[in-house]
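We count ligands from 1, going down the list as the structure has it; atoms in each ligand are counted the same way.
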Amino acid sequence: MALASGVRFPARALLRPWSLLRDTTLGRSEPAAGGGGGGDGARLFGSQRVLVEPDAASGVAVMKFRNPPVNSLSLELLTELVISLEKVENDKTFRGVILTSACPRVFSAGLDLTELCGRNPAHYTEYWKAVQELWLRTYLSSLVLVAAINGACPAGGCIIALACDCRVLADNPKYHIGLNETLLGITTPFWLKDTYVNTIGHRASEQALQLGSLFPPSEALQVGLVDQVVPEDQVLSTALSEMARWLAVPDHARQLTKTMMRKATADRLLRQRDADIQNFVSFICRDSIQKSLQVYLEKLRQRKG
Ligand SMILES: CCCCCCCC/C=C\C=C\CC(=O)SCCNC(=O)CCNC(=O)[C@H](O)C(C)(C)COP(=O)(O)OP(=O)(O)OC[C@H]1O[C@@H](n2cnc3c(N)ncnc32)[C@H](O)[C@@H]1OP(=O)(O)O
């Protein structure tokens with residue numbers, strides 16, 4: 001399918017991208033012809049793993065990840081998120097999106113480790129392209145993106161939150177956030193490191209990335225990883241208030257400023273996307289890396305039992 005950043009999606013999505021999306025209506029009125037969920041605000045559109053609740057009156061859509069049990073970023077979830085974001089972005093009714101979780105206690109567990117273990121290079125190539133695509137689409141979105149972080153937010157979950165303009169985290173000591181890749185025996189790609197540095201500064205990133213730190217809410221606020229920590233039942237309402245603050249600014253000026261702030265970071269990846277994919281594939285295919293990931297995944301599974 002034709003995406004600005006040129007990523008290729010799984011065959012089924014390429015053939016019929018919208019087949020991944022299942023439109024439903026709330027029944028208050030008919031959906032706008034050919035529209036993407038705008039118009040009267042009564043329409044729900046989304047897909048199996050991404051629920052989109054649009055409110056045309058405010059111009060804000062709430063996008064909920066629902067890939068139980070832990071919203072791990074499978075190829076399907078990544079693809080559906082990109083398609084849903086594109087759909088909202090193309091509908092001029094909307095100026096902002098709130099990203100949140102429909103799964104209890106977890107915003108997202110990050111990249112789906114089963115996508116990174118025991119697969120072939122072609123799969124890793126397709127998967128990493130989809131990771132890059134989601135990051136580029138969120139990081140460079142012209143919409144205001146607010147992360148309403150209502151659960152644990154490690155690694156890839158944190159990456160999605162970092163790409164947003166603003167982050168609101170629920171005040172629950174179990175809801176850790178951060179980039180813990182080193183604890184899995186892997187490294188963070190340069191473009192995510194850059195995003196971390198842009199958010200919390202060089203020294204804090206240097207420590208947190210090497211140590212694989214996962215911050216509880218109070219520390220995440222202190223280090224500047226999130227903008228607000230609020231009681232769990234106020235995460236969405238606070239995200240909506242934040243959104244209103246951002247939407248009070250004229251779009252064109254805010255968008256130009258966002259581009260000015262983010263372009264250099266995104267361009268670094270755009271200039272070397274293929275090389276980044278090759279690096280990733282050769283890295284993830286190493287026996288030692290595969291072993292580390294399998295040990296980590298096994299520990300996760302045993303921890304449960
Ligand atoms: C030269 C260099 C080039 C550049 C190279 C770049 C390389 C970069 C590569 C990769 C980058 C990766 C970033 C990532 O995102 S890796 C993923 C890291 N994620 C984590 O570490 C989080 C792991 N999960 C947890 O800590 C917990 O599950 C938590 C999210 C806190 C939820 O806890 P809880 O509610 O108690 O749920 P369970 O732990 O019981 O989990 C339920 C089942 O889900 C499975 N699970 C959990 N996380 C994942 C995951 N990320 N992927 C796949 N599956 C996951 C878990 O095993 C349980 O499964 P089961 O029911 O079968 O036991």
Under 4.0 Å from a heavy atom of [X]: give me the atoms of ligand 1 that qualify, with their elements.
X: Gly156; result: 14 (C), 15 (O)
X: Leu300; result: 23 (C), 24 (N), 25 (C), 47 (C), 48 (N), 57 (O)
X: Ile186; result: 9 (C), 10 (C), 11 (C), 12 (C)
X: Thr187; result: 2 (C), 5 (C), 6 (C), 7 (C), 8 (C)
X: Asp112; result: 52 (N), 53 (C)
X: Phe280; result: 7 (C), 9 (C)

Report yes if [X] has an N/O atom closer than 3.5 Å to an N/O atom of ligand 1; otherwise report no.
X: Asn180; answer: yes
X: Tyr296; answer: yes
X: Pro189; answer: no
X: Arg303; answer: yes

Is a donor from one side chain sitting under 3.5 angstrom from an acceptor on the other, for [X] and [Y]?
X: Asp112; Y: Ser72; result: yes
X: Gln228; Y: Glu242; result: yes
X: Trp191; Y: Asp276; result: yes
X: Asp55; Y: Ser58; result: yes
X: Ser142; Y: Glu89; result: yes
X: Asp194; Y: Thr265; result: no
X: Glu181; Y: Thr187; result: no

*Would you tell me which option among Gly110, Ala109, Pro154 has the nearest heavy-atom contact to atom 19 (N) of ligand 1?*
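Closest candidate by heavy-atom distance is Ala109.
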*Taking atom 52 (N) of ligand 1 as the point of reference, which of Val131, Leu113, Ile289 owns the nearest heavy atom?*
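Residue with the shortest heavy-atom distance to the ligand atom: Leu113.
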Where does [X] meet ligand 1, judged by heavy-atom distances below 4.0 Å: at the side chain, the backbone, both, or neither?
X: His176; answer: neither
X: Ile159; answer: neither
X: Val106; answer: side chain
X: Arg105; answer: neither
X: Leu73; answer: neither

_Quick check with a 6.0 Å cut-off and a 45 degree axis cone: is Arg119 positioned over the face of Tyr127's six-membered ring?_
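No, a cation-pi geometry is absent between Arg119 and Tyr127.
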*Do Phe107 and Phe65 have ring centres separated by under 6.0 Å?*
yes
*Could you list the residues that satisfy ring-ring contact (aromatic ring centres under 6.0 Å, His included) with Phe280, not counting sequence neighbours?*
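Applying ring-ring contact (aromatic ring centres under 6.0 Å, His included) to Phe280 gives Trp128.
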_Under the rule for side chain to side chain donor-acceptor pair (under 3.5 Å), what residues qualify as partners of Asn180, not counting sequence neighbours?_
none
